[in-house]
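Below is one structure, written out as structure tokens, with a few remarks after it.
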Amino acid sequence: MKRIDLFLVLILIWQLTQVAMARTYIKPWTNPVVRGTSVSCWGRTYDFAGSILPSRVLSQRENILAAPFSVQIIVGGEAVRIENPHFSVVTADEEAVHYKTTATANNISLECLMTTEFDGMTRVDMTITPLKTIRVDSLDLIVPLKSEYAKLFHHSSIYPLYDWKWMEKRMNAGIVKPEGMKLPFVFHIWLGNDDRGIQLFSESDEAWSPADPDSAVTVTPANNVTTLRMNLLNDYVLKQPWKWTFGFIATPVKPFPSEFYTKHYSHMGGYGIESRDCVELPANAENPPSYLDMLHQWGVKCLGIHERWSDEQSLPRPKESDKPRLKSLIQACHDKGMQFVVYTGCYMGSKSPEYTRDWDTQPVGDNYQYQRPLRDNGDICRITCNNTGYPELLIKEYAKAFEEYGFDGLYLDGLTCPVPCNNTKHGCGYVGKNGEIKCTMPIWRTRELIKTLYRMVKDKSSPGPLVAHTSGSILLPALSFVDFYQDGEHMLAYRIGSKYFPEEAFRAQMAGHNFGIPAVHQPNPSIWLKNMEAERQRAITFCLLYDVLWFWHPEHQLDIWKAWDSFGMTSAKYVPFWRISELVSLSNARCDVRVSAYLDKGRGALFVVGNLGKSAQSFKLRIKRSGLGLDSACKLRARDEIIGGLELWVQGDEVTLTVPAGRFRMVSVQSLER
């Protein structure tokens, strides 16, 4: 009996050790630190000097605020002066700083309990306490941003998921126009530019009582200041403490990872591909390799497998007959040096014994469900809320499955972007003033789920990727933990650059660099568009100019992988086409030719030359040596990195190129000595 007790104690010690190790795994971030009234983490600083909320928000050393955050309280037609702000640290450890700010305003006290974690996510539990009953004309949260850092926006959709054409009513991303924006309560809103910004988010507006619910959130540009205002209360009698919880996170949330360019991810995995002949290509007809061999030859380094690998949607429970096939496929991938990534997501199948309608996300559950193909198992799958036992079930099952099967990473279908829910059976929703059950969003539970899965994947000797399928919702407190995100599925019916899919929406939401997270795009356009192949090539070119890959099949990526590998991307930094003037100029080219670059200053650059026009174009690239960090006297060498490093003719500083309509070329320019 004593030996058994000792064994159990040793097991418990081991488990606690694993938990402790997981808790302290925070790469690529650094430990948050406090200096005076400032809290800093990687790339960002929140300063609270003279304010109960940030007086400065520094992202990459730039203060994006035009003035401090403020709580504006109007009583009797006059603004109440907030005085005696005080900042104090409560506790701090390797991954979070817990602190408190307080202030007074006549007969009102204000307190904010805050936590800033290693990725910059800050939670604010705000309490406003009247010392006596007070009628408040209005109470607003005001965030004044420098307009140069508030050119773009993205927010949660104001329409339900099952309103399939909501983007035709109001797109939730784009450019902040001079007239600004008026919105109802949104669960999250990001304002920024191509390099930095800030997102505010909240699970609920239950505590709100705005004057006009349809314009509870406004964005107003004026005189180089763009003001985000949230009308929290209007004509409201404060009798007791008023509480509201929200959060903010400045972007980018982490350093943009050069490893993204070497991941070479394809989501074309399937049972038996390690032994099934690849006969799709004519060249393989006589002596076909296996399909897995073909993927490997194409350059795939991470292979994902979609939902049907498991008999129970999103859970790691393959059929007994499929377990040997799964192990065989994983072993074959590992033998080729490929990592193996499995699907999981927000959908739970009704055949799982743990499934209950009480876990459903509502009202979407009554309006939309997904059925797996009948040739598979025909199971009915529903979006499951993260405010249930579902996150714990996923964590428990995948912790075991990673050990049993040797998975390397996870593909998260919808897990990082929870759907608004009013299912009171598991604690979501609240009863509004009109008696209607309003939705809430489980942001904090979602964040903890994704953070735990991130540590499960990353705390290994050779960690694989954590991939998020988002589509229409960039919730940074959860998305900050993923390696890259896939967007665009909700826009499959629309051509990029069209009326309902404007380029500025892509730029604000789907390009990734503004968030510090690489982005990939769901294959687009839809099959019913004319000139399918030409449209496909144009879309691939368009995305690449934004440093975004067309996701899924290697045929859409392998030329790009080849160029990245040939040039070497370890130290290269993406330069978008609107900032290319210091590196290169074009002559004899129309405006629909764009050039982006990957710059490794002192070594050279890899140029992406895209022709978005309707006909082929020939033109000259004039290289600006100083922008590339090259000696003015050196001879230049240019190569087409897609066509096997083909040497291109360089005359002085000029390279002549021809690019077909809708296509791109990837041309490196370096010193001939290199």
Side-chain angles (χ1 to χ4, degrees), residues 28 60 194-195 252 254-265 299 301 483-484 506-507 510-521 540-551 556-586 589 593-612 621-630 634 636-648 650 653 655 657 659 663-674:
Q60 308 301 296
D194 299 295
D195 305 302
K254 59 186 173 184
F256 197 87
S258 61
E259 295 84 1
F260 170 70
Y261 301 110
T262 61
K263 287 293 183 185
H264 296 193
Y265 184 97
K301 296 180 182 178
D483 289 86
F484 57 93
F506 184 98
R507 184 168 176 171
M510 305 177 191
H513 280 269
N514 48 348
F515 306 130
I517 311 169
V520 297
H521 199 66
I540 292 171
T541 299
F542 177 93
C543 289
L544 183 59
L545 287 164
Y546 277 95
D547 195 27
V548 174
L549 285 174
W550 243 44
F551 191 60
H556 303 145
Q557 308 176 76
L558 60 90
D559 284 342
I560 302 166
W561 294 342
K562 191 187 306 180
W564 284 346
D565 289 348
S566 179
F567 179 69
M569 300 294 287
T570 303
S571 302
K573 303 296 182 184
Y574 168 69
V575 180
F577 56 86
W578 58 90
R579 292 181 181 156
I580 204 69
S581 60
E582 293 185 2
L583 306 184
V584 69
S585 63
L586 296 175
V593 172
R594 295 177 175 179
V595 181
S596 295
Y598 300 100
L599 174 65
D600 189 352
K601 197 158 188 176
R603 184 168 73 92
L606 174 63
F607 292 101
V608 177
V609 186
N611 176 9
L612 298 177
L621 288 181
R622 182 181 295 274
I623 308 303
K624 299 184 179 180
R625 297 165 183 257
S626 60
L628 273 62
L630 299 180
C634 75
L636 297 180
R637 176 188 190 186
R639 300 177 3 139
D640 189 316
E641 297 294 1
I642 293 176
I643 310 176
L646 176 69
E647 298 283 342
L648 302 175
V650 181
D653 291 337
V655 181
L657 293 176
V659 183
R663 303 265 180 164
F664 64 89
R665 295 181 68 175
M666 299 182 76
V667 176
S668 68
V669 176
Q670 302 179 66
S671 167
L672 182 62
E673 286 73 15
R674 287 184 175 272

Which value, rounded to the nearest 0.5 Å, describes the distance between Leu549 atom CG and His556 atom NE2?
-> 11.5 Å

With side chains defined as the heavy atoms from C-beta onward, is the minimum distance between Phe664 and Leu545 less than 4.5 Å?
-> no

Side chain to side chain contact (heavy atoms under 4.5 Å, CB included) filter on Leu657, not counting sequence neighbours, yields Val609, Phe619, Leu621, Leu648, Val655, Arg665, Val667

Compare all side-chain heavy atoms of Leu612 with those of Arg594 and state whether any distance is below 4.5 angstrom.
-> yes

Answer yes or no: is there a side-chain heavy-atom contact under 4.5 Å between Asp194 and Trp578?
-> yes

Gln60 CD: over 12 foreign heavy atoms closer than 6.0 Å = yes

Please report the shortest heavy-atom distance between Tyr598 and Ala572, naming the atom on each side.
-> CB-CB, 4.0 Å

Could you tell me the separation between the CD1 atom of Ile560 and the CD1 atom of Ile540, rounded to the nearest 0.5 Å?
-> 7.0 Å

Looking at Phe260, Tyr261, Phe515, which hits ring-ring contact (aromatic ring centres under 6.0 Å, His included) with Phe484?
-> Phe260

Point-to-point distance, once rounded to the nearest 0.5 Å, from CG of Leu583 to NZ of Lys601 | 8.0 Å

Step by step, would you call Gln557 with Trp564 a side-chain contact (heavy atoms from CB on, under 4.5 Å)?
-> CA-CA 11 Å; Gln557 308 176 76; Trp564 284 346; over 6 Å; no

Heavy atoms only: give me the nearest Leu630-Gly602 pair and the separation to one decimal.
-> CD2-O, 3.9 Å

Rounded to the nearest 0.5 Å, what's the gap from OG on Ser668 to CG on Leu636? Could you check?
-> 11.0 Å

Determine yes or no for a side-chain-to-main-chain donor-acceptor pair under 3.5 angstrom, with Lys624 supplying the side chain and Ser581 the backbone.
-> yes

Gly604 and Leu599 have their tightest heavy-atom pair at O-CD1, 3.6 Å

Would you confirm whether Arg625, through its side chain, and Asp653, through its main-chain N or O, come within 3.5 Å as a donor-acceptor pair?
-> no

Using the side-chain contact (heavy atoms from CB on, under 4.5 Å) rule, take Ser566 and Met666 through it: C-alpha gap first, then chi angles, then the decisive distance, then the call.
-> CA-CA 11 Å; Ser566 179; Met666 299 182 76; over 6 Å; no

Exam field: side chain Asn611 to backbone Val659, donor-acceptor pair closer than 3.5 Å = yes

Asp559 meets the side chain to side chain donor-acceptor pair (under 3.5 Å) criterion, sequence neighbours left out, with none

Any His264 side-chain heavy atom under 4.5 Å of Asp565 side chain | yes

Taking everything shown except Arg579 itself, do over 12 heavy atoms lie less than 6.0 Å from its CZ?
-> yes

Spatial distance of atom OG (Ser596) from atom CG (Leu544) [nearest 0.5 Å] | 7.5 Å

In Å, rounded to the nearest 0.5 Å, how long is the span from CD of Glu582 to CG of Leu628?
-> 11.0 Å

Not counting sequence neighbours, which residues clear side chain to side chain contact (heavy atoms under 4.5 Å, CB included) with Val548? List them please.
-> Phe506, Ala519, His521, Cys543, Tyr546

Between Glu647 and Arg637, is the closest basic N to carboxylate O distance under 4.0 Å?
-> yes

When you look at Phe256 and Lys573, which way does the side-chain contact (heavy atoms from CB on, under 4.5 Å) test go after all the steps?
-> CA-CA 9 Å; Phe256 197 87; Lys573 303 296 182 184; over 6 Å; no

Just do the side-chain contact (heavy atoms from CB on, under 4.5 Å) check on Arg622 and Ser585 with the steps written out, would you?
-> CA-CA 5 Å; Arg622 182 181 295 274; Ser585 63; 3.4 Å; yes

Ignoring hydrogens and angles, tell me if any N or O in the side chain of Asp600 forms a donor-acceptor pair with the backbone of Arg603 under 3.5 Å.
-> no

